[in-house]
Amino acid sequence: MAEIEKQNKEKEKVVAEATAQIDQEGLPKTIVRRLVKEKLSQLSTDTDISLLRDSLLAFSESARLFIHYLSATANDICKESKRQTINAEDVFKALEEIEFPELIEPLKASLEGFREKNSKRKSASSKSPESNKKAKLKEPVENGKGKMKEQPADNENEDAQAEEEVNEVEDSVDD
């Protein structure tokens, strides 16, 4: 009896350590819970499914390991192509290599939707009054030496920074 209690305490300790590790480097529990519940509700509409803490931990750890494995494989493919930046095609090839080809088409569709959404958002922001300044011809300004120079638009640096952020988001989706 004492040995069973000792084993249970050891199991609890392992679960606590694993939970702490996932909390530090894992996916957010709320997101994992929401994703799992959404999928389960699509499969079973008649009942509300609840998740035990251990199952949530297992889903989260599985997802983390899958991401690590997929990113390592995509990185190898990228290095074979003598590049340092992983792109979406590398991820698609990695999915095929690790024998998950059924995920490629849904991922491509999702990525296309993401790109369309960003392009609409980008075009909507280009119609704003601030970006209309950029679209207009730059007015010449005297530079103090009697010569004329173009006045830079106020938001050029902001636009470049925003474009970099969008590229980083796209790269992170590609990863």
Side-chain angles (χ1 to χ4, degrees), residues 1-80 83-125 128 158 161-175:
M1 188 84 159
E3 189 171 313
I4 292 174
E5 288 180 25
K6 184 178 177 182
Q7 287 177 348
N8 285 341
K9 286 183 181 182
E10 287 178 16
K11 285 180 184 179
E12 288 175 9
K13 182 179 177 183
V14 169
V15 169
E17 289 173 359
T19 303
Q21 181 182 5
I22 287 175
D23 287 344
Q24 291 175 356
E25 64 181 46
L27 300 170
K29 288 184 222 175
T30 55
I31 293 173
V32 173
R33 181 181 290 116
R34 181 174 41 90
L35 289 170
V36 171
K37 282 195 165 206
E38 282 176 9
K39 187 59 181 177
L40 292 176
S41 68
Q42 290 173 357
L43 298 173
S44 174
T45 58
D46 58 339
T47 60
D48 186 30
I49 308 280
S50 60
L51 298 171
L52 293 176
R53 186 174 185 177
D54 288 348
S55 66
L56 186 60
L57 178 69
F59 279 118
S60 184
E61 185 66 9
S62 298
R64 188 183 70 80
L65 291 172
F66 179 78
I67 291 168
H68 281 256
Y69 186 52
L70 180 62
S71 61
T73 306
N75 186 50
D76 292 344
I77 291 168
C78 180
K79 296 246 188 248
E80 287 172 5
R83 290 180 287 109
Q84 292 183 345
T85 305
I86 298 172
N87 61 35
E89 287 301 316
D90 296 329
V91 177
F92 300 146
K93 288 176 186 174
L95 283 168
E96 206 167 293
E97 192 171 304
I98 65 172
E99 298 180 10
F100 284 97
E102 66 276 6
L103 297 179
I104 295 172
E105 286 307 313
L107 179 59
K108 283 182 179 180
S110 178
L111 185 57
E112 185 60 34
F114 175 80
R115 287 178 176 161
E116 285 177 17
K117 182 179 169 184
N118 276 348
S119 68
K120 287 178 185 176
R121 187 178 66 184
K122 199 172 185 180
S123 67
S125 69
S128 70
E158 293 172 357
Q161 190 175 19
E163 189 171 315
E164 276 184 25
E165 290 173 1
V166 168
N167 289 338
E168 288 175 5
V169 168
E170 287 177 353
D171 288 344
S172 70
V173 168
D174 292 344
D175 292 345

[atom1]-[atom2] distance between [X] and [Y], expressed to the nearest 0.5 angstrom:
{"X": "K108", "Y": "E89", "atom1": "NZ", "atom2": "CD", "result": "5.5 Å"}
{"X": "E80", "Y": "N75", "atom1": "CD", "atom2": "CG", "result": "10.0 Å"}
{"X": "F59", "Y": "L51", "atom1": "CZ", "atom2": "CG", "result": "6.5 Å"}

If every non-hydrogen atom of [X] is compared with every non-hydrogen atom of [Y], which pair is closest and at what distance?
{"X": "A94", "Y": "A74", "result": "CB-N, 3.6 Å"}
{"X": "E102", "Y": "E99", "result": "OE1-O, 4.4 Å"}
{"X": "A88", "Y": "R115", "result": "CB-NH2, 4.2 Å"}
{"X": "E97", "Y": "T73", "result": "OE2-CG2, 3.7 Å"}
{"X": "I98", "Y": "F66", "result": "CD1-CE1, 3.9 Å"}

Carboxylate-amine/guanidinium contact E96 K93, below 4.0 Å: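 No, no charged N to carboxylate O under 4.0 Å.
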Salt-bridge criterion met for E38 and R34 (N-O under 4.0 Å): yes
Are the side chains of [X] and [Y] in touch, meaning some heavy atoms are under 4.5 Å apart?
{"X": "L35", "Y": "L27", "result": "no"}
{"X": "F100", "Y": "L107", "result": "no"}
{"X": "L56", "Y": "V32", "result": "yes"}

K37 atom NZ, over 12 foreign heavy atoms within 6.0 Å: yes
Do side-chain atoms of [X] reach the backbone of [Y] as a donor and acceptor pair under 3.5 angstrom?
{"X": "S60", "Y": "L57", "value": "no"}
{"X": "D90", "Y": "N87", "value": "yes"}
{"X": "S110", "Y": "P106", "value": "no"}

Test applied, side chain to side chain contact (heavy atoms under 4.5 Å, CB included); reference residue, L70; option that passes from V91, L65, L103: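 For L70, the side chain to side chain contact (heavy atoms under 4.5 Å, CB included) test succeeds with only one of V91, L65, L103, which is V91.
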side-chain hydrogen bond (donor to acceptor under 3.5 Å, both in side chains) partner of N118, the single match among R121, E116, K120, K122: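 Single pass found, and it is R121.
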